[in-house]
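Numbers here simply count residues along the sequence, with the first being 1.
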Amino acid sequence: MSKTIKDQSVDQLGGSSSILVRQRREHEEMDRLMDHYLTLDDLHQREQVLKQVVQLVFSHAFAEETVLWPAVRASVPDGEELTARVEEEHQQINDLVADIERLPAGDPRREDKVQRALALIRQDIRDEETSSCPGCRTR
């Protein structure tokens with residue numbers, strides 16, 4: 001039975017400096033920041049936390065797309081299809097963030113897009129840790 005990234009120890013993922021451990025750690029930080037965002041009432045604080053989420057999401061996606069996904073495409077059957085799905089999720093997040101940045105803070109349309117982006121980020125995290133990254137699992 002395959003074990004997912006979420007279910008593996010640091011050693012099983014290649015040690016504390018491996019890209020898979022970094023990926024999982026960043027997923028945890030994204031979840032923490034998004035949860036924190038949802039608890040805040042102050043608009044300025046929400047904007048600060050949202051900015052942190054966006055910065056982490058973009059740097060994280062860049063690392064995946066330049067380091068991890070090429071390795072998956074080269075070594076996993078159907079790697080092209082698997083990474084294409086994740087990259088499509090990344091593009092949807094990019095599009096939502098661009099829309100968010102065009103709307104003023106406090107605009108209800110903006111908050112709707114933020115909520116959609118957060119939900120999509122969470123789905124992307126779950127996909128990457130469980131179903132979309134079989135090449136990142138141990139056998």
Any Asp95 side-chain heavy atom under 4.5 Å of Gln92 side chain:
no

Are any of the side-chain heavy atoms of Leu20 and Arg24 separated by less than 4.5 Å?
no

Taking side chain to side chain donor-acceptor pair (under 3.5 Å) as the criterion, tell me which of Glu89, Glu81, Glu87 meets it with Arg85.
Glu81

Exactly one of Arg22, His27, Gln55, Glu65 should register a side chain to side chain donor-acceptor pair (under 3.5 Å) with His60. Which one does?
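The single option meeting the side chain to side chain donor-acceptor pair (under 3.5 Å) with His60 is His27.
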
If the condition is salt bridge (charged side-chain N to carboxylate O under 4.0 Å, His left out), which residues does Asp78 pass it with, not counting sequence neighbours?
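Counting only residues at least two positions away or on another chain, Asp78 forms no salt bridge (charged side-chain N to carboxylate O under 4.0 Å, His left out).
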
Looking at every heavy atom in both Val49 and Leu33, which two are closest together, and how far apart are they?
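Scanning both residues, the minimum pair turns out to be CG1-O, 3.4 Å.
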
Side chain of [X], backbone of [Y]: donor and acceptor closer than 3.5 Å?
X: Gln12; Y: Ser9; result: yes
X: Arg110; Y: Leu103; result: yes
X: Arg109; Y: Ile100; result: no
X: Arg46; Y: Leu40; result: yes

Got more than 12 heavy atoms from elsewhere within 6.0 Å of CZ, Phe62?
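It does not: Phe62 CZ has 12 such atoms or fewer within range.
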
In this structure, which one of Val57, Val53, Asp124 forms a side-chain contact (heavy atoms from CB on, under 4.5 Å) with Met30?
Val57

For Asp35, is there an ion pair with Arg32 - N to carboxylate O distance below 4.0 angstrom?
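No salt bridge links Arg32 with Asp35.
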
Arg102 vs Asp99, test: salt bridge (Lys or Arg N to Asp or Glu O under 4.0 Å). Steps then yes/no.
CA-CA 5 Å; Arg102 284 191 283 271; Asp99 290 347; 2.5 Å; yes

